[in-house]
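The shown structure was predicted, so the numbers you read here are calculated from the model rather than taken from an experiment. Lettering of chains follows the sequences in order, A, B, ..., and the numbering in each one begins at 1.
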Amino acid sequence: MIVADRKSLDEILWMVSDCNKILIAGCKGCVTVCNVGGMKEVGILASALKIARKKEGKPLEVDEKTLERQCDPEYVEQIRDIYDDYDAVVSMACGVGPQFLSEAYPSQRFFPAVNTTFFGGATEHGIWEERCAGCGTCIIHYYDGMCPIARCSKSIQHGPCGGSARGKCEINAELDCIWDMIVKKKMEQGRLDDLLMVKAAKDWRTARDGGPRKSIREELTK
Amino acid sequence: MSELKSGSNLEKVLKAGHFAFTGECGPPQGANVEHLKEKYSHLKGMVDAVNVTDNQTAVVRMSSWAASTLMVQDGLEPNFQMVCRDRNRLAMMGDILGVHAMGIRNMLCLSGDHQQFGNHPESKNVYDIDSMQLIALVKKMRDEGKFMNDKDIDVPPKLFIGAASNPFADPYEFRVYRLANKIEAGADFIQTQCIYNMDKFRDFMKKAVDMGLHEKAYILAGVTPMKSVGMARYMSKSVPGMDVPDEIINRLKGAGKGKVAEEGIKFALEQIEEFKEMEGVAGVHLMAIEWEHKVPEIAERAGVLPRPVV
């Protein structure tokens, strides 16, 4: 799923500093699963903003609405009747949400309340880790299901680099070296030969480097 | 290794069977040409080639190719270093052609320290290709006369291709295979990480020799003399992939006040003596970090002077 972290209250307060009435739009998709932008978090942010603005002597009126998803035109319609009642709309969805909203409602302003961080999952309660870089050409079959593009700090295809020590990455003693994990798994399975070849340079056109991407599934477009 | 691939001095020295001796010089954090020239002047005639680092430890410095060019003009042979952190393949190939045009004939291909270590941790890291692919790229440009896209190069760059090997990074069992991979990709010579754990390096070299790697590429053992106990402790604790055994730190401590640097040099000299005899080791790469003026003395005492003229 897409993982996000909430922006600081100060940053959000700054965004809405000229507003008297806002809508906070949550999303029931990924950000609900990673506990950052669902109905509960919308309520928490609304209260925090109201308290902070009351303290400043500039009360803020805040309404709450959590959409089914913000990455789907059908569900974006869920605020059609109310979107214009506010000075701005603060979206708690990933970075996709404010953009779909902005495109659907050109006369309104939309602000992000979260920083969209990565594609990943929860490894423990309250901890999420990156697993996919969305590079558009998956190569993890070479590495027994582990991705060096997303998980190696240098995205190298021939690791581990000289900075790998005791299974950890050179940039952070808390960060597992994915290449250490790949090599150990290959060794345990007796398939080290898989790594003893020079792989062609990656074609980054399918990643963001090739420009904004679009996926067309013709069977669904008819 | 039949005919010359680049015609570099380092290649000729190694091919003639001499025990190679290379040095290192980091460009300044500025355009201070005089400072750079002062640093590398100590290396002239003392080494077969001088590694010119490329924004080492991710700290921005005068570009490696520019500093290398100044060396060529002053009659020293550079070993131009290039890391994969700062350039995409277009910039890399452009610079490879450029350095050859400027008379540079050795190139060391490296991944590069992550920018988090340096003085611009906010920067984007590139890693379009990795060090293995960079080695293969330089070889393709040289031997096939083609760019990465298979288009012909109008006058291919002839470079003696180097790669790094760190026998002390983990997982240790894989390190010799990674070295083999780099040689397979096209490395003509290898310079290792600074060696302090001699037991481990002996074992590593034995494995490399058993695999016949020393017959496919020239392996130069990395030596960095310790200047102080503090430096030894720092390298032990803070430099990724560095293995400094306690016995080395204790030996330096035991040298007594004012004698630590000499003890560091003595250990380096003992290492060089052993490397001269060690099977599979074709030379030494002396990285006298910010201690370039000591290189003549170390070279003299190591008995590697005069350097061969081939």
Side-chain angles (χ1 to χ4, degrees), chain A residues 133 135 137 139 142-143 147-210, chain B residues 58 83-85 88-89 92 110-117 121 125-137 139-140 148-149 163-187 192-194 211 222 237-243:
Chain A
C135 71
T137 307
I139 53 169
Y142 292 124
Y143 311 113
C147 181
I149 303 300
R151 299 177 68 187
C152 167
S153 300
K154 301 175 184 175
S155 296
I156 60 176
Q157 286 175 268
H158 305 84
C161 76
S164 177
R166 292 174 288 282
K168 300 295 176 184
C169 174
E170 68 177 21
I171 73 162
N172 183 343
E174 303 295 311
L175 183 64
D176 289 331
C177 169
I178 189 64
W179 268 105
D180 190 83
M181 292 163 72
I182 292 169
V183 167
K184 283 185 176 151
K185 189 165 175 178
K186 292 282 187 194
M187 280 177 161
E188 278 163 20
Q189 297 186 357
R191 291 188 294 105
L192 200 55
D193 284 353
D194 292 356
L195 300 178
L196 303 185
M197 61 184 87
V198 181
K199 294 191 172 61
K202 198 165 161 61
D203 180 347
W204 295 105
R205 282 176 296 186
T206 56
R208 178 61 186 74
D209 307 85
Chain B
V83 299
C84 299
R85 178 194 58 229
N88 69 7
R89 65 190 76 181
M92 285 175 156
L110 304 165
S111 300
D113 295 315
H114 193 273
Q115 73 276 6
Q116 183 169 307
F117 290 105
N125 73 0
V126 182
Y127 293 108
D128 178 11
I129 62 175
D130 62 25
S131 59
M132 200 73 70
Q133 292 159 338
L134 177 57
I135 294 164
L137 172 61
K139 184 179 167 65
K140 178 174 182 162
M148 194 177 260
N149 67 358
S165 173
N166 184 0
F168 310 104
D170 292 317
Y172 173 66
E173 305 74 31
F174 186 64
R175 288 291 147 184
V176 74
Y177 292 105
R178 190 157 193 261
L179 170 61
N181 238 4
K182 287 190 173 182
I183 294 170
E184 184 65 31
T192 78
Q193 175 67 283
C194 319
M211 288 170 71
K237 290 206 174 74
S238 305
V239 180
M242 191 75 73
D243 182 352

Counting heavy-atom pairs under 4.5 Å with chain A, the top scorer among B/Arg85, B/His114, B/Gln115 is B/His114
Counting only heavy atoms closer than 4.5 Å, note whether B/Met242 contacts chain A via side chain, backbone, both or neither.
neither
Most contact-rich option vs chain B, by heavy-atom pairs under 4.5 angstrom, among A/Ala165, A/Cys177, A/Ala201, is A/Ala201
Looking at every heavy atom in both B/Gln116 and A/Ile171, which two are closest together, and how far apart are they?
NE2-O, 2.7 Å
Above 12 or not: heavy atoms from other molecules or residues under 6.0 Å from CZ of B/Phe117?
yes
Of all heavy-atom pairs between B/Arg89 and A/Trp204, which one has the smallest distance, and what is that distance?
NH2-CD1, 3.5 Å
Do other residues, nucleotides or ligands put more than 12 heavy atoms under 6.0 Å from the CD atom of A/Glu174?
no
Measuring heavy-atom distances to chain A, does B/Gln193 have an atom under 4.5 Å in its side chain, in its backbone, in both, or in neither?
neither
Pick whichever of A/Gly163, A/Ser155, A/Gly167, A/Gly159 has the most heavy-atom pairs under 4.5 Å with chain B.
A/Gly159
Supply the atom-to-atom distance B/Asp128 CG to A/Lys202 NZ, rounded to the nearest 0.5 angstrom.
11.0 Å
So for A/Met197, is it side chain, backbone, both, or neither that comes closer than 4.5 Å to the heavy atoms of chain B?
backbone
Quick check: does any side chain N or O of A/Glu170 sit under 3.5 Å from a backbone N or O of B/Asp113, one acting as donor and the other as acceptor?
no
Report which part of B/Glu173 has an atom under 4.5 Å of a heavy atom belonging to chain A: side chain, backbone, both, or neither.
both
Please determine, among B/Asn166, B/Leu110, B/Asp130, the option with the most heavy-atom pairs under 4.5 Å with chain A.
B/Asp130
Just list the side-chain donor-acceptor pairs under 3.5 Å for residues 175-182 of chain B, sequence neighbours left out, or say none.
from, atom 1, to, atom 2, distance (Å)
B/Arg175, NH1, A/Pro160, O, 3.2
B/Arg175, NH2, A/Pro160, O, 3.2
B/Arg175, NH2, A/Cys161, O, 3.1
B/Arg175, NH2, B/Asp170, O, 2.7
B/Arg178, NE, A/His158, O, 3.3
B/Arg178, NE, A/Pro160, O, 3.2
B/Arg178, NH1, A/Pro160, O, 3.3
B/Arg178, NH2, A/His158, O, 2.8
B/Asn181, ND2, A/Leu195, O, 3.0
B/Lys182, NZ, B/Ala164, O, 2.9

Minimal heavy-atom distance between B/Pro171 and A/Asp180, with the atoms involved, is CD-OD1, 3.3 Å
If I measure from the heavy atoms of chain A, does B/Asp243 come under 4.5 Å with its side chain, its backbone, both, or neither?
neither
CZ/A/Arg191: more than 12 non-hydrogen atoms of other groups inside 6.0 Å:
yes
Check whether A/Ala200 gets within reach of chain B through its side chain, its backbone, both or neither, counting any heavy atom under 4.5 Å.
backbone
Roughly how far apart are B/Asn125 CG and A/Ser153 OG, rounded to 0.5 Å?
8.0 Å
Counting distance only, does the side-chain N/O of A/Lys154 pair as donor-acceptor with the main-chain N or O of B/Gly112 below 3.5 Å?
yes
dist B/Asn88:CG -> A/Asp209:CG (nearest 0.5 Å) comes out at 9.0 Å
Which one wins on heavy-atom pair count under 4.5 Å against chain A: B/Phe168, B/Tyr172, B/Phe174?
B/Phe174
